[in-house]
S.K.: 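Provided herewith is a single structure, encoded as structure tokens, for subsequent inquiry.
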Amino acid sequence: MTRIPKLIFTVAALAAGVFFVSGSGATAADDRGSSEIPPIPTGMFSPSNARTESGNFIPAGQFFPSSRCAGCHNDTHAAWSQSLHRNAARDPFYRESADILLRARGVEITRHCESCHTPIALFSGALSKESGKTSAPFTSLDDEGVTCSVCHSITEARLDGTGSFTIRRPALLAREDGSPISGDFTDEQILADVPSHKRAVMRPLLKQPEFCSTCHKVDAPPSLNGYKRIRGFSAYDEWQQSGASLESVTPFYKREQRADCRACHMPKIESNNDRAAKNGMIASHRWLGANTAAPLFYGQDKQAELIATFLESNQLAVDIFALRSEASGRFTAPLGNRIQEREDRIQDSGVRIQRMGDRTQESGVGIQRMGDRSQDSGVRIQRMGDRIQDSGVGIQRMGDRSQESGVRIQRMDGNPNPEAETINLSPGEEVTAEVVIANRNVAHSFPPEVRDLYEAWVEFEAIDSTGKTIFHSGFIKPDGMLDESAHVYKQIILDETGRPITRHQIWLTNIKAYDNTIPAGRSDLVRFRFRVPESTAVSDQKSAVSDQQSAVRNKKSAVSDQRSAVRNKKSPVSDQQSAISSQRSAFKLRARVNYRRVNQEYANYVLGRRDKQMNIPIVRMAESDITISVEGMAPGKPLCDLCNPSGFARNSSLSSAAPKESRRWNDYGIALLEQAQYGPAAEAFRRAAELDPLDPNPLVSAALAEMRTERFGLDREQLRKARALLDAAMRLDPDRLRTLFYEALVLRAEGKAADAARIFAKLAIQYPRDREVQRQLGQTLYTVGRLSEARAAFEAVAAIDPTDAGAYQFLTPIYTAEGRKLEAERARALYLQWRDDPLADSVGARFFAAHPEWSDERISTHTHGFNSAGRKIPTGALAAPLK
């Protein structure tokens, strides 16, 4: 579910008109009784949202196969042929879930899923009892999944959810008014009238992100689940509210240029054999994303390799940010500057990799086998934990890390490391490492979409100076299963009895019990607790020291000379003892974010049913490490002590690295804010502002953190703090729209609703598709009784997202007050349709009561340690049945 900022809003004026919506006129949606198996749908395409222009079926023979397009579009066809669109209908990990639905409910119900995965079967009428089809494949074109003539025949896109598009009969030529000319034509006929061909197969809609939303925004209607309409994932809505769309004023980070779905997933690539090429470039039809499993299942190794490279290209960042002593509360941050960022921009991944102005030609990109990754791109080679980077900057092997960001080389080879991070800790002391995971360039949540099956997690390891692992979270067990105490990014969905759904039976979904994800441009903070290693190296070298001491005693004259030298310089024995002392206290921390397309349990189930063996690759999307020395305190080390009222140490001298350090503090603040740690978040944002004093954004974020802690009544201290921070930000840039947005919220909290409304109205003109601006404008106008203007704002919200229950909640009393009875009834019905079931939490409570090991994990500030409970997802008889 999309996260929305918790904004201050005076609710007193709402009581008269809004809250009656959820209290009067009970409907089936209000009564939580047992879900009933829905009847066989009577509509031609229901329970899908898809439709045809004519309202009739389109025979499968009227869809052109991809081979028909390959003659003129060879490069496009070659890329598409390995894409997930081509594999959409036959992907075994999708097919299994769809087949469970078919066996349990009948072929008609599968139309909901197949509208996006097997659209030709849907539109040709093959998904009905009359067709006689009882299993896939349903048509001769199922092998092509979403083929060329499907996408290029869509004429309308809606934002309602799964399969919300309208399609017409495919055509190769169209008249000047756009009407299609039916029938097949030779290549010569098409080339003789290229403008007519473009009118038939290309239209502006295909270049808009709303086109992609038709299948990348998901819902489950009552006709599917017999319960109510449930919102699923929506990569489109997440993108639309992110800093990549440039349609919202509130993101923490905004890109300089708008980046829509095509920018990331259909970049321009070189083409030498495609008539659509312009200046030797075409839009890639590989749609590189996150599915590494389906391509490997069908032997499409190159596609899987390119996807792995795409996932590794600075989509996420890992920062081992701080260490906290559990005994003293001593808090040291930030730790070094060792975030490994790969600023790769994948232009095709089979054609070119561009790294920060340095172009490296490559052919093939990589080879991946069972965690052994070799990449022949000229950029990086990586094998079995032995990591070698050759980017023209540094070499990195087996704990010897040289990074292109100017970070110093660190070695865990038994020698003292003078450049290790030095912290005043004691051997055996319990400490907590705080690791920030930042969603850098994924313009929607990470992981997106099917989080109940995906497997993404944080791996953290502490290693002593001998190379022994002293703590490891997020490891892979010998049977391929993930450590059950790992910090995971996943979703747990439940059926009506509280049993987890493990086979993606979305038709049984009742509620999300757990949903951990990182929204676009935001961060997560993960905590790992372990003990500083004891003295491990001394015993190994004690005899050597003793031998040297004996030799010194036996050589009297040498002793005399050595004593003399000691007065001026340390003896060799002293040097070695000092080295041992330094060595024995060093340890290394390593953090990674790993991703596997489907979890191992589901993979075993699907592959077992198909009598197939394969390893689902694990992609290391981001990593960072740092070496810690615990002997003494390094001079000038930034130290944060919780006993210090200011919370964070101040450094008056700003280096050239200050903007990057500011980004680290800002990401840390965002992560704290996401976990409702508002005080520490405000301090982290203030620290970011000090390091980059010309950027007003950290000040605004600090104000937001202070506002979240606001207490209404006589005590208004947090509001005054927010006001001071916003005033400082306004002095830096009085026209910064993000600052104005929160300025309006403060004004409204101060009782100046009219002033707030003026600012929101100004923002709405400049950002008409910012749903939060429109929402806050509507709420503010509603409180002062300007209902017609409030209605326009909420109608704008509903136009941006027709599934937004909050907009309909306000529109119902507004329409009623204006005497618009039919519209009020419709708005109320939509509110009841799209709102969360207020009683569904009881289902989640049953799950957590039965599986208390998951209770701690859903507390955002939890810590992973030696005693963390294993959180296995119940399967078999303990999971939702296959019905």
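The structure displayed is predicted, hence computed values, not measured ones.
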S.K.: Quick check, are the ring centers of Phe321 and Trp665 under 6.0 angstrom apart?
M.R.: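 Ring-ring flag for Phe321/Trp665: true, centres closer than 6.0 Å.
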
S.K.: Using the benzene-type ring in the case of Trp, are the ring centres of His216 and His444 under 6.0 Å apart?
M.R.: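 For His216 and His444, the ring centres are not under 6.0 Å apart.
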
S.K.: Does Val318 offer a backbone N or O that forms a donor-acceptor pair with the side chain of Arg592 under 3.5 Å?
M.R.: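 Not at all, since once roles are kept as given, no pair shorter than 3.5 Å links the two residues.
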
S.K.: Just by modelled atom types, is the Glu326 backbone N or O under 3.5 Å from a matching donor or acceptor in the Glu430 side chain?
M.R.: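 Answer holds: no.
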
S.K.: Would you indicate whether the side-chain heavy atoms of Val488 and Glu455 approach each other to under 4.5 Å?
M.R.: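 Heavy-atom side-chain distance check fails, nothing below 4.5 Å.
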
S.K.: Spell out, as yes or no, whether a donor-acceptor pair under 3.5 Å connects the side chain of Arg451 to the backbone of Pro447.
M.R.: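 Between the backbone of Pro447 and the side chain of Arg451 there is a qualifying donor-acceptor contact (under 3.5 Å).
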
S.K.: Between Tyr253 and Arg663, is there a cation-pi geometry (under 6.0 Å to ring centre, at most 45° from the normal)?
M.R.: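 Satisfied, under 6.0 Å and within 45°.
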
S.K.: Can the positive tip of Arg503 be found less than 6.0 Å from the middle of the six-membered ring of Tyr605, inside 45° of the ring normal?
M.R.: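 Pair Arg503/Tyr605 counts as cation-pi.
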
S.K.: Under 3.5 Å, is there a donor-acceptor pair between the side chain of Ser234 and the main chain of Lys217?
M.R.: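 Side chain of Ser234 to backbone of Lys217, a donor-acceptor pair under 3.5 Å: no, none is there.
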
S.K.: Over 60° means perpendicular and under 30° means parallel, so tell me whether Tyr236 and Trp239 are parallel, tilted or perpendicular.
M.R.: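 Because their plane-to-plane angle lies in the 30° to 60° range, the rings of Tyr236 and Trp239 count as tilted.
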
S.K.: Could you check whether any side-chain N or O of Ser701 sits under 3.5 Å from a backbone N or O of Asn697, counting only pairs where one atom can act as donor and the other as acceptor?
M.R.: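 Side chain of Ser701 to backbone of Asn697: a pair is present.
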
S.K.: For the aromatic rings, using the six-membered ring if either is Trp, is the centroid distance between Phe530 and Phe866 under 6.0 Å?
M.R.: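 Ring-ring flag for Phe530/Phe866: false, centres at least 6.0 Å apart.
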
S.K.: Look at the side chain of Arg531 and the backbone N and O of Gly428, then say whether any donor-acceptor pair between them is shorter than 3.5 Å.
M.R.: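 Side chain of Arg531 to backbone of Gly428, a donor-acceptor pair under 3.5 Å: yes, one is there.
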
S.K.: Is the backbone of Phe310 close enough, under 3.5 Å, to the side chain of Gln315 for a donor and an acceptor to pair up by distance?
M.R.: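 Checked: pair present.
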
S.K.: Are Tyr514 and Trp854 an aromatic pair by the rule of ring centers under 6.0 Å?
M.R.: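 That pair passes the under 6.0 Å test.
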
S.K.: Under a 4.0 Å threshold between the charged nitrogen and the carboxylate oxygen, would Glu853 count as salt-bridged to Arg871?
M.R.: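 Salt bridge between Arg871 and Glu853, a charged N being under 4.0 Å from a carboxylate O: no.
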
S.K.: I'd like to know if Arg522 pairs up with Glu674 as an ion pair, taking the criterion as any Lys NZ or Arg NE/NH1/NH2 lying under 4.0 Å from an Asp or Glu carboxylate oxygen.
M.R.: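 A salt bridge links Arg522 with Glu674.
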
S.K.: Salt bridge check, Lys477 against Glu484: does any charged N sit closer than 4.0 Å to a carboxylate O?
M.R.: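 Salt bridge present between Glu484 and Lys477.
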
S.K.: I'd like to know if Arg664 and Asp667 make a salt bridge, using a cut-off of under 4.0 Å between side-chain N and carboxylate O.
M.R.: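 No, this pair does not count.
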
S.K.: Do any N or O atoms from the side chain of Ser328 and from the backbone of Arg330 form a donor-acceptor pair under 3.5 angstrom?
M.R.: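 Yes; judged by distance alone, with no hydrogens or angles, the pair exists.
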
S.K.: Anything under 30° is parallel, anything over 60° is perpendicular, the rest tilted; go ahead and classify Phe460 against Phe528.
M.R.: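 Correct class here is parallel.
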
S.K.: Looking only at atom types and distance, does a side-chain atom of Gln677 sit under 3.5 Å from a main-chain N or O of Gln675, one as donor and one as acceptor?
M.R.: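 Side chain of Gln677 to backbone of Gln675, a donor-acceptor pair under 3.5 Å: yes, one is there.
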
